[in-house]
Amino acid sequence: MQHVLTGYRTDLTGEFEISAWEIGAGCGDFLAAWVLNLSGMTGGLLTAPVRTWRAFVRGLDEQSTYGRDYEALLERNVEDLRAELGIGAGPHRAGLGAALRFAAAITAGAVVGSLMMLVLVSPITLALWWRGRRAKAQALAAAP
């Protein structure tokens, strides 16, 4: 829904932009959204820094749909909903406050992304190491 309202594409860069926009606009009480979007925003900084910055700044002036009744939103006219949320309302200017919030979000995203990688990669790495160790021990035991 956020992609339809904002016009960001659904390719990788568009996903990074929507992540930055949602961090700027806010994710409400949705912890999973904060975690995914902080990581996505950091990825966007690495692949499309200017677009990520612009999306974040834009989000600061607009509202997301987090915390709203999803079914009720689906019944709404897109243009009316955009107007209500302030999406596409005008030029977005960034000051020092926006830059500091961006830096804080990128830092948080780097920490969150690193922790996610540790959680996801560590068990796989451990399993592969254990498997290799077992295979080496079996090969030594089978050797004449």
Side-chain angles (χ1 to χ4, degrees), residues 1-140:
M1 180 177 291
Q2 308 280 37
H3 285 279
V4 171
L5 292 170
T6 61
Y8 292 120
R9 297 186 321 238
T10 56
D11 61 3
L12 186 60
T13 301
E15 290 298 332
F16 289 153
E17 286 175 306
I18 203 72
S19 290
W21 180 85
E22 288 183 5
I23 291 297
C27 299
D29 295 335
F30 297 91
L31 180 61
W34 285 105
V35 169
L36 292 171
N37 287 327
L38 284 169
S39 299
M41 184 175 162
T42 303
L45 181 67
L46 299 174
T47 59
V50 173
R51 289 172 65 171
T52 301
W53 164 251
R54 287 181 183 152
F56 175 78
V57 170
R58 178 182 171 190
L60 293 175
D61 292 337
E62 300 174 351
Q63 297 176 45
S64 72
T65 59
Y66 285 107
R68 297 171 187 266
D69 180 2
Y70 188 73
E71 294 298 322
L73 292 175
L74 290 174
E75 296 177 13
R76 302 278 308 274
N77 174 290
V78 172
E79 291 305 316
D80 291 344
L81 190 53
R82 281 182 182 147
E84 180 181 318
L85 299 173
I87 296 174
H92 307 284
R93 293 188 177 85
L96 179 59
L100 292 174
R101 288 174 71 180
F102 185 78
I106 291 298
T107 301
V111 170
V112 167
S114 297
L115 289 175
M116 284 177 50
M117 288 303 293
L118 283 174
V119 168
L120 294 173
V121 174
S122 293
I124 295 169
T125 304
L126 184 59
L128 291 173
W129 172 79
W130 183 255
R131 183 176 173 200
R133 188 168 180 236
R134 273 189 37 210
K136 185 176 181 181
Q138 288 172 348
L140 288 174

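Remember, predicted model here, so these are calculated numbers, not experimental data. If you read the sequence from its start, that first residue is 1, and numbering goes on from there. Note that these values count all heavy atoms, side chains included, but never hydrogens, waters or copies made by symmetry.
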Practice problem: Can you run down the salt bridge (Lys or Arg N to Asp or Glu O under 4.0 Å) pairs that involve residues 54-64, sequence neighbours left out, and say none if there aren't any? | Solution: Arg58-Glu62

Quiz item: Which heavy atom of Ala105 sits nearest a heavy atom of Leu38, and at what distance?
Solution: O-CD2, 3.5 Å

Self-check item: By side chain to side chain contact (heavy atoms under 4.5 Å, CB included) - contacts of Thr10 (at least two apart)
Solution: His3, Glu15

Quiz item: Is there any salt bridge (Lys or Arg N to Asp or Glu O under 4.0 Å) pair reaching into residues 78-100, and which pairs are they, with sequence neighbours excluded?
Solution: Arg68-Glu84, Arg76-Glu84, Glu79-Arg82

Self-check item: Distance, nearest 0.5 Å, that separates CE of Met41 from CH2 of Trp53
Solution: 8.5 Å

Quiz prompt | Residue pairs involving residues 26-50 (criterion ring pair (Phe, Tyr, Trp, His ring centres under 6.0 Å); sequence neighbours excluded) | solution = Phe30-Tyr66

Quiz item: So do the side chains of Thr65 and Leu5 get within less than 4.5 Å of each other, counting heavy atoms only?
Solution: yes

Quiz item: Say you draw a straight line from CG of Leu81 to CD of Glu75; how long is it, rounded to the nearest 0.5 Å?
Solution: 12.0 Å

Quiz item: What's the shortest heavy-atom distance between Thr13 and Ala48, and which atoms?
Solution: CG2-CB, 3.9 Å

Quiz item: For the atom pair CD (Gln2) and CD1 (Ile18), what is the distance rounded to the nearest 0.5 Å?
Solution: 5.5 Å

Quiz item: If you measure from OG1 on Thr42 to CG on Leu46, what distance do you get to the nearest 0.5 Å?
Solution: 7.5 Å

Quiz item: Does any N or O in the side chain of Ser64 come within less than 3.5 Å of the main-chain N or O of Cys27, such that one atom is a donor and the other an acceptor?
Solution: no

Exercise. Kindly compute the distance separating CD (Gln138) from CG (Leu140), expressed to the nearest 0.5 Å.
Key: 10.5 Å

Sequence neighbours excluded and cut-off under 3.5 Å, please list the side-chain donor-acceptor pairs for residues 126-134, or say none.
none

Quiz item: Are the side chains of Leu45 and Phe102 in touch, meaning some heavy atoms are under 4.5 Å apart?
Solution: yes

Quiz item: Of all heavy-atom pairs between Thr47 and Pro49, which one has the smallest distance, and what is that distance?
Solution: C-CD, 3.7 Å

Quiz prompt | Test side-chain hydrogen bond (donor to acceptor under 3.5 Å, both in side chains) applied to Asp29 - qualifying residues, sequence neighbours left out | solution = none

Quiz item: Looking only at heavy atoms, what is the nearest atom pair of Ala98 and Leu60, with distance?
Solution: CB-CD1, 3.5 Å

